[in-house]
Amino acid sequence: MSTGASVCPNGVSEYSTRGGTSAKTSRAMIPHGTMGQRFRHEIGASLGVPAMTAHRCLFADGDLRNKRVLVPGGVGAVGNAAILLAKWAGAWVAATVSRKEQAEVARAAGADLVINRHEEDIGSAVKLATEGRGVDCLVDVDIAANIDVAIACLARDGVVSAYSTESPQAKLTIPFFPALLGGFSFRFVYVYTMPEAAMRQAAEEISA
């Protein structure tokens with residue numbers, strides 16, 4: 001971003017996280033005009049890593065209109081941005097939370113279904129809400145821990161986009177036969193290695 005380039009805040013890339021008795025909100029700043037050669041290196045400061053990550057997870061396979069999306073961890077920075085962006089794109093969105101007060105945050109972002117992962121079976125709740133079809137896209141905060149939930153929730157040819165893990169040493173074990181029969185795909189998203197075209201698309205659509 002060049003010196004003196006104008007920026008403006010945008011609601012889609014504003015995200016909230018609430019834990020315990022505290023709440024904090026971060027607002028990404030959206031640059032306008034030419035992004036230049038330094039775009040990749042300044043992406044975190046200009047657009048916000050959560051919004052960019054969420055965008056890539058959601059739109060790497062195209063249009064989401066009338067698709068079904070599941071966002072485990074819907075009150076985290078990326079998860080909340082994913083809800084906002086998916087609803088903006090015309091998708092039906094389910095999100096998981098850990099506490100009752102977090103459900104309000106997910107609903108405020110636009111989630112159509114909020115599931116308390118400690119009180120409900122996520123796979124059953126998703127299948128019931130989607131009339132047995134499952135979700136087309138799953139934006140996952142810890143796929144190594146959530147792989148069984150993902151397999152239970154995905155629709156035929158569903159896609160998991162994983163962007164985080166609890167441990168850098170985590171190993172992912174995919175149940176081969178269910179994944180084979182379902183035609184599932186797994187994508188791993190790291191914002192700093194996103195293709196340039198994907199970055200530019202995200203910049204344009206986040207600031208729309």
Side-chain angles (χ1 to χ4, degrees), residues 11-12 14-19 50-51 53-165 172 174-175 177-189 205:
V12 169
E14 181 177 344
Y15 47 89
S16 303
T17 56
R18 299 186 180 183
T53 301
H55 188 281
R56 178 62 175 169
C57 288
L58 290 166
F59 299 108
D61 294 297
D63 189 13
L64 281 181
R65 186 169 300 279
N66 299 322
K67 296 293 183 67
R68 300 175 299 277
V69 175
L70 173 62
V71 183
V75 297
V78 175
N80 208 242
I83 296 172
L84 288 162
L85 285 165
K87 291 303 298 181
W88 167 79
W92 178 90
V93 181
T96 71
V97 298
S98 300
R99 300 189 300 275
K100 290 181 179 179
E101 59 267 28
Q102 293 178 337
E104 299 176 10
V105 180
R107 290 193 185 97
D112 299 284
L113 174 68
V114 179
I115 305 165
N116 188 317
R117 65 186 182 91
H118 295 308
E119 298 179 355
E120 302 176 71
D121 181 86
I122 299 171
S124 297
V126 167
K127 287 297 181 69
L128 179 63
T130 60
E131 299 180 341
R133 293 172 295 180
V135 296
D136 305 291
C137 175
L138 194 153
V139 179
D140 204 281
V141 65
D142 190 4
I143 190 58
N146 297 335
I147 183 62
D148 290 334
V149 171
I151 295 294
C153 292
L154 286 170
R156 173 72 192 177
D157 296 323
V159 178
V160 172
S161 286
Y163 63 88
S164 181
T165 180
L172 174 60
I174 300 173
F177 202 59
L180 174 70
L181 293 179
F184 304 148
S185 298
F186 294 81
R187 174 178 292 104
F188 301 90
V189 175
E205 294 186 354

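Side-chain atoms are counted along with the backbone in the values below, which use heavy atoms only and exclude waters and symmetry mates. All of these numbers come straight from a predicted model, not from anything done at the bench.
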Validation row: [X], [Y] side chains within 4.5 angstrom (heavy atoms):
{"X": "Phe186", "Y": "Asp140", "value": "no"}
{"X": "Leu128", "Y": "Ser124", "value": "no"}
{"X": "Leu85", "Y": "Phe59", "value": "yes"}
{"X": "Phe188", "Y": "Leu172", "value": "yes"}
{"X": "Leu70", "Y": "Thr96", "value": "yes"}
{"X": "Asp112", "Y": "Lys87", "value": "yes"}
{"X": "Ser98", "Y": "His118", "value": "yes"}

Taking every non-hydrogen atom, the tightest pair across [X] and [Y]:
{"X": "Val75", "Y": "Asn80", "value": "CA-ND2, 4.3 Å"}
{"X": "Arg133", "Y": "Thr130", "value": "NE-O, 2.9 Å"}
{"X": "Val93", "Y": "Ala86", "value": "CG2-CB, 3.5 Å"}
{"X": "Gly134", "Y": "Ala155", "value": "C-CB, 3.8 Å"}
{"X": "Ala95", "Y": "Gly74", "value": "CB-CA, 4.1 Å"}
{"X": "Arg117", "Y": "Ile122", "value": "CB-CD1, 3.8 Å"}

Next on the checklist: Quick check on side chain to side chain contact (heavy atoms under 4.5 Å, CB included): which of Val159, Val160, Leu154 does Val135 satisfy it with?
Outcome noted: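 Only one option passes, and that is Leu154.
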Which distance, rounded to the nearest 0.5 Å, do you find between the [atom1] of [X] and the [atom2] of [Y]?
{"X": "Asn146", "Y": "Leu138", "atom1": "CG", "atom2": "CG", "value": "8.0 Å"}
{"X": "Leu58", "Y": "Lys67", "atom1": "CG", "atom2": "NZ", "value": "11.5 Å"}
{"X": "Asp61", "Y": "Asp136", "atom1": "CG", "atom2": "CG", "value": "10.5 Å"}
{"X": "Ile143", "Y": "Ser161", "atom1": "CD1", "atom2": "OG", "value": "10.0 Å"}
{"X": "Cys137", "Y": "Arg68", "atom1": "SG", "atom2": "CZ", "value": "11.5 Å"}

Item to check | side-chain contact (heavy atoms from CB on, under 4.5 Å) between Glu205 and Trp88, intermediate numbers included | outcome: CA-CA 10 Å; Glu205 294 186 354; Trp88 167 79; 3.7 Å; yes
Checklist entry - Hey, mind stepping through Val78 and Val141 against side-chain contact (heavy atoms from CB on, under 4.5 Å) and telling me if it holds? => result CA-CA 8 Å; Val78 175; Val141 65; over 6 Å; no
